[in-house]
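Everything below concerns the one structure shown next.
In what follows, every chain begins at residue 1, and chains take the letters A, B, ... in the order their sequences are listed.
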Amino acid sequence: MRFALLPPDRAADEVERELLAQWDEEKLFETSLAARAGAPRWVFFEGPPTANGKPGIHHVFARTIKDLFCRHRAMKGFRVDRKAGWDTHGLPVEIEVEKSLGISGKQDIERVGVGEFNRLCRESVFRYREDWEKLSGRIGFWLDYERAYVTYSNSYVESVWWALSMLHAKEFLYQGYKILPYCPRCGTALSSHEVAQGYEDVEDPSVYLQLPLKEAGKTGERRILVWTTTPWTLVSNAALAVSPKLTYAELRKKSGAEWTVILAEARVPAVMGADWADRWDVVDRMPGTALAGARYQRPLDWVTFESGAREIVVTADFVSAEDGTGVVHLAPAFGADDYAAGQQYDLAFVQPVNARGEFPADLPLVGGMFVKAADPVIIEELKRRGMLWKDGRFTHSYPHCWRCKTPLLYYARSSWFVRTTAFKDQMLARNATVNWNPSEVGAGRFGSWLENNIDWAISRDRYWGTPLPVWVCDADSAHRDVIGSFAHLAVKTGHALGADFDPHKPHIDTYTWACTACDGTMRRVSEVIDTWFDSGSMPFAQWHFPFEHREEFARQYPADFIAEGVDQTRGWFYSLLAIATGLGDALHPEGVRRKVSADRHAATYDDYHAGSHHSGEPRTGEPRTGESRTGEPRTGESRTGESRTGEPRSGEHESGGHRAPAAAEPYRAVVVNDLVLDANGQKMSKTRGNTVDPWRVIERHGADAVRLFLVASSQVWVPRRFDEQVIRETAGRFLVTLKNIYSGIFAQYANFGWSPSAADPAVADRPLLDRWVLSRLAAAEATVDAELQRFDATAASRALMDFVTEDVANWYVRLSRGRFYDVDAADNRAAFATLHEVLTVVSRLLAPFAPFVSDWIHRSLTGTSVHLADFTRGATERDVPLEAAMAEVRVLANLGRAAREEAGIKVRQPLARLVCVAVDAQQTLLDELVPLLASELNVKVVEFLGSADSLVSLEAKANFRALGKKWGKETPQAAQAVNTLSSTTLRAFERGEPVHLTVGGHSHALDADDLVVVRKASGALVVSQDGMRFAAIDPTLTDALKREGLARELVSRVQRFRKESGLQVSDRIALWVVGPAVLHAAVEAHRAWICDETLTLTLQVRETAGPDIPSGTTADLDGVPVSLALEKVS
RNA sequence: GGGCCAUUAGCUCAGGUGGUUAGAGCGCACGCCUGAUAAGCGUGAGGUCCGAGGUUCAAGUCCUCGAUGGCCCA
């Protein structure tokens, strides 16, 4: 058996590409799935990326996290199917197509034609999908791209329709109004991103009104002051709002007017002037709540109210004392706060403005005018009516249309909603059982946001999206059909849909039918739905549930794991939860199965499902009895999930056909990742030009290093800086070390004739160092596994990297190097077998993080792919006392080196003895490890002392934790007393003699807990200490030691010379050494050893050079001049 | 304006339940090794723990206020 070599300087990119080709050829992903076909499932949901742009480095990040945990659980023995998915609808796609066509805005799209436009949208999605698949593949993200779900596909759309129809059946779907920023010129509502682009500072009117309060028979004696910057909305004024938290003042002019004015006390100076007290008397003060319910006279009476409360003062939390008068005018059609208050108090709703932003022609004075242009007219009219207090101008930041710069109007638009507020408590309960990583996102950001949940506006007045399956009668809009399947649509229209049926606009809008309740015609509403509803439907829509694959859905719901960026908090994380909770039992596999079996002969799902729609009566798809259960959080095992996710579940879940009641949360664990920033901590953006091209980075460092860096550099849920320099220094460096150990130490020498065999000693028979590293390996294995189990990839990767660099490279390999130069000795076979085991297990542990190099090494070591291996071995035993003893030895070695450094004696110079004091380790083990310590520190003898008394004097250090309990406020004095205890007293105390402390009249016996005894060096040896551990070297250099040191210097120099002369490591030589007598003595004393080390067959030492010696080199060996010459002999 | 997160050595980050010498890696300085060699190892110097108050015998850690940066939402 030969082990392939992997030179560390071989380009990672090249190696990885070769592996990708090999995986492809072997169908390794499919093979790995097949190997777990019968295993318990661990379900992953792929949050579908929007395929409307090239993937960036932050996508590599998110996808690494997804892949990593899926790989880990798969290696742990679960079946982890990974179905890819693509989010294909929505405004981003439309904008991309608008750009490519060089058009902008709805009118342009209509001109191009909705059919053509949507065709281009569909094509555009395909283009980017390829980019995504390529990059995902390159970074080793294993996903089933062949069977990806695509949100625009007919089957997906049909499942979404089903969900909407079920929500409708549960009376969760309704039509209402939503206040949207709207451009009257473009005739379109703007998304929040568009609004954010268009803020500009503008000057607007600043108008104060005095509105008379209507009180029993004396209207106008008290007036309330109101401020607005949009006079045109006063036409629709329905109510006034005051703050329940503010105090309001009622003022009367000192000059003795008959009327008073009311405004927030805190606003008086700002509104009335700093010197207001000179002119006004405060006649009354009252809380805002006292004003609630008061009636007032509205400023303008041009429109008539149809229904709802009007001309009334209400309280609202959004009213502040920041500006204005603390009294806010409410026009529910023209502001989000206003609308919300309107809903809360059932206020009258009037919207006398058309789509072009104009008042109707029949209004007095302002009829037909653009609203903004009507402002001066309205101010003039208010003045005429005596309702104007004062007017002025006001500069503020106001949103404008980013296309045409027209100021936006906040506008009530008809919109469709899902009544999420109806099941908010259930969402909260479900959320509470989710294992969020980090937990604060679930409890804080997401949880507190859910608390303030408002109904989900799901309709969009756009083109490329899942059409809202609502048909409304053109004669009476109360007559509605919500279509839940294509079959249902066929039934409605009376004929089959045809093979080329496309549920998208504009085709779908050609389907109409006669209203069953009147003479009207049922026509589809124009809207499409929010793409978040699409993606939030993926748990069932990816399976075309409930029309197909019901069993599959049951097995793959809910998800054990999802992972996305923190920006998905209000996106996918929410839409998954909201839809699953709203659907409730409709997602219950048992419920569906019962239904199906009861109607086994039904030709289509819709056949049995129909009827609920024909009647027009809402009905629940499933029995209501289970409802109360749905909101209950799971108890017991839910939070840590250990019992569920720790080990593969037994088959019982499978045999049941489903895994859990669908009433559970749609995902059990979430890993949230934060942004990838540039090297300077700046957010990456195209406009800043600091984006990172993932392809170029991968080419330079390899996907392994990039993945490892992204995960290991800091917790994934804090923003991380992306710095290529740092990749090289951390992940890159680690991988180089690993390859060095594999190729430079293991494979290179194993190829002289070692391969695993029965000749290898059993573990128990191997040297302590081997047993130690195997024990550490078991520890690392357990740690990495446990950290991944709890979704901490950062801690896992760091533990693994630390093990490899510290324990394997820096200790085991370094101390064992000599054992790898010869494959025959039993001791050496043990070393090879041990390192083989270590490297094999390390590659498995590394596989989720760095799937390429780990596979490469694992294949070379074992002949099989790491991705078909088990993550952990069975029971492995640790030798904890041995680990403790070795830890002790390593500390002592460091101390010894520090002592050498202090004494100024290099390691190559042998010393007579090292004197140590160790703690926490068995002396027998330490004795066995002495040869390692002696060789590491190059000393002849290592002695252990039971105490350091002979090396040190004792001092006490107070232990505040213990003293604090006893002494309270006198702790510092007591500590001081402890710290001044004499060395003699402390020795007595350590022997068990009682010691009392007296401080401030109190006296307590000293307990062992109360102090730590510290040893300070004293004496002739050079002592180094760390806590209770000591290492002391004897710096005395005898002539014999000096000779040995010189011999070592010589060997070192000869070795270098051999190399400089171009010799092979196995070449035998003849050697001439010319130097003074002292060198002569050293060589003669260690002749055999020198010859052995340098493979010298004949060694001649002289004091002077001669003509018979070949030319060579000269050197200085610690002040001893030497000339060397050598010749290759064989 | 609200919510959440972060702020610890030049850089990147660790620092359960408060306990007195605040750690690691990288970088840097000095040195070692020269059969992992465009590798490997050691020793060392680096810190008012963002600031101000407070609680406590004791605060990087708990509380309050503030600053800066980031994200999300208005």
Side-chain angles (χ1 to χ4, degrees), chain A residues 7-9 192 318 320 322 336-337 438 440-441 443-449 451-452 565-571 672 674-675 677 679 681-683 709 712-715 717-721 723 725-726 728-730 733-734 736-749 794-795 798 801-802 805-806 809-811 813-815 817-818 820-821 893-902 904 906-908 936-937 957-975 979 1012 1014 1024 1026-1027 1051-1053 1055-1060 1064-1066 1093 1095:
Chain A
D9 55 349
S192 55
F318 65 82
S320 80
E322 301 266 313
D337 287 335
E440 59 267 16
V441 171
R445 186 183 281 225
F446 193 48
S448 63
W449 181 71
E451 293 278 359
N452 299 314
V566 69
D567 53 323
Q568 295 298 327
T569 309
R570 280 126 165 115
V672 179
D674 210 309
L675 289 179
L677 308 173
Q682 296 288 311
K683 186 176 175 175
F709 161 78
S713 62
S714 63
Q715 288 294 348
W717 43 79
V718 303
R720 80 223 325 76
R721 295 181 179 205
D723 188 339
Q725 183 69 30
V726 178
R728 206 172 298 116
E729 286 166 1
T730 56
R733 164 87 64 127
F734 164 76
V736 165
T737 299
L738 181 65
K739 290 180 210 171
N740 272 328
I741 296 169
Y742 169 74
S743 282
I745 299 289
F746 177 80
Q748 182 182 180
Y749 296 111
T794 307
R798 286 178 177 179
M801 289 161 79
D802 281 353
T805 53
E806 280 305 306
N810 194 7
W811 196 247
V813 165
R814 201 159 57 77
L815 298 196
R817 261 195 293 205
F820 295 102
Y821 301 153
N894 286 347
L895 291 173
R897 275 189 290 258
R900 268 185 173 276
E901 193 96 5
E902 192 183 331
K906 59 171 65 171
V907 178
R908 195 152 37 192
E936 179 68 7
L937 291 174
K957 259 176 70 76
N959 176 8
F960 284 74
R961 187 193 285 276
L963 288 175
K965 288 183 188 126
K966 249 184 255 176
W967 296 89
K969 282 188 190 291
E970 285 159 346
T971 302
Q973 293 94 305
N979 290 347
V1012 175
V1014 178
S1024 177
D1026 174 15
V1051 167
S1052 164
R1053 190 63 194 85
Q1055 300 288 33
R1056 203 183 328 168
F1057 188 33
R1058 282 179 57 110
K1059 191 165 186 183
E1060 287 162 4
Q1064 298 295 311
V1065 290
S1066 54
E1093 286 290 309
L1095 303 184

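With both ends at atom C1', the span from B:rG46 to B:rG25 equals 15 Å, rounded to whole Å. Nucleotides B:rC28 and B:rU12 have their C1' atoms positioned 16 Å apart, rounded to a whole Å. Between B:rU43 and B:rU48, the two C1' atoms lie 28 Å apart (nearest whole Å). A gap of 11 Å separates the P atoms of B:rC63 and B:rC5, to the nearest Å. One P atom belongs to B:rG18, the other to B:rU56, and the distance between them is 16 Å to the nearest Å. For the C1' atom pair drawn from B:rC33 and B:rC50, the interatomic distance equals 43 Å after rounding to whole Å. The gap from the C1' atom of B:rA52 to that of B:rU68 amounts to 15 Å, rounded to the nearest Å. Straight-line distance between the C1' atoms of B:rG19 and B:rC65: roughly 27 Å, to the nearest whole Å.
Evaluation of the salt bridge (Lys or Arg N to Asp or Glu O under 4.0 Å) rule for A:Arg733 yields no partner, not counting sequence neighbours. Residues passing the ring pair (Phe, Tyr, Trp, His ring centres under 6.0 Å) test with A:Phe820, sequence neighbours excluded: A:Phe832. The salt bridge (Lys or Arg N to Asp or Glu O under 4.0 Å) test applied to A:Glu901 returns no partner, not counting sequence neighbours. Residues forming a salt bridge (Lys or Arg N to Asp or Glu O under 4.0 Å) with A:Arg1058 (at least two apart in sequence, or on another chain): none. Qualifying ring pair (Phe, Tyr, Trp, His ring centres under 6.0 Å) partners for A:Phe746, counting only residues two or more places apart in sequence or in other chains: A:Phe3, A:Trp754, A:His836. Shown here are the salt bridge (Lys or Arg N to Asp or Glu O under 4.0 Å) partners of A:Glu1093, two or more places apart in sequence or in another chain: there are none. By the side chain to side chain contact (heavy atoms under 4.5 Å, CB included) test, A:Pro438 pairs with A:Glu440, A:Val441, A:Val672, A:Trp717, sequence neighbours left out. Partners of A:Phe446 by ring pair (Phe, Tyr, Trp, His ring centres under 6.0 Å), not counting sequence neighbours, listed by chain and number: A:Trp436. Under the rule for a side chain to side chain contact (heavy atoms under 4.5 Å, CB included), the partners of A:Ala336 that lie at least two apart in sequence or sit in another chain are A:Ile179.
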Treat primed atoms plus P, OP1 and OP2 as sugar-phosphate and everything else as base, then score nucleotides 9-15 of chain B 5' to 3': B for base contact with protein heavy atoms under 4.0 Å, S for sugar-phosphate contact only, - for none. ---SS--

Contact letters for nucleotides 27-40 of chain B, in which S counts primed atoms plus P, OP1 and OP2 and B counts the base, heavy atoms under 4.0 Å: S----SSSBBS-SS

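With rounding to whole Å, A:Glu936 atom CD is found 13 Å from B:rU43 atom C1'. Atom-to-atom, CZ of A:Arg728 to C1' of B:rG25 comes out at 17 Å; the value is rounded to the nearest Å.
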State the dot-bracket string of RNA chain B. Criteria: Watson-Crick or G-U wobble, both atom distances under 3.5 angstrom; notation: ( ) intrastrand, [ ] crossing earlier pairs, | interstrand, . unpaired. (((((((..((((.....[...)))).(((((.......))))).....(((((..]....)))))))))))).

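Base orientation of B:rG46: syn (glycosidic angle within 90° of 0).
Across A:Arg798 and A:Ser713, no two heavy atoms sit closer than the pair NH2-O, 3.0 Å.
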Could you please spell out the steps behind the side chain to side chain contact (heavy atoms under 4.5 Å, CB included) verdict for A:Asp674 and A:Arg720? CA-CA 8 Å; A:Asp674 210 309; A:Arg720 80 223 325 76; 5.7 Å; no

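Between A:Trp717 and A:Thr805, the residue anchored nearer the 5' end of RNA chain B, judged by the nucleotide with its closest heavy atom, is A:Trp717.
Note on A:Asn894: only backbone sugar-phosphate atoms sit closer than 4.0 angstrom, heavy atoms only; bases stay farther off.
When side chains are defined from C-beta on, A:Tyr749 does not count as touching A:Arg817, because their heavy atoms never get closer than 4.5 Å.
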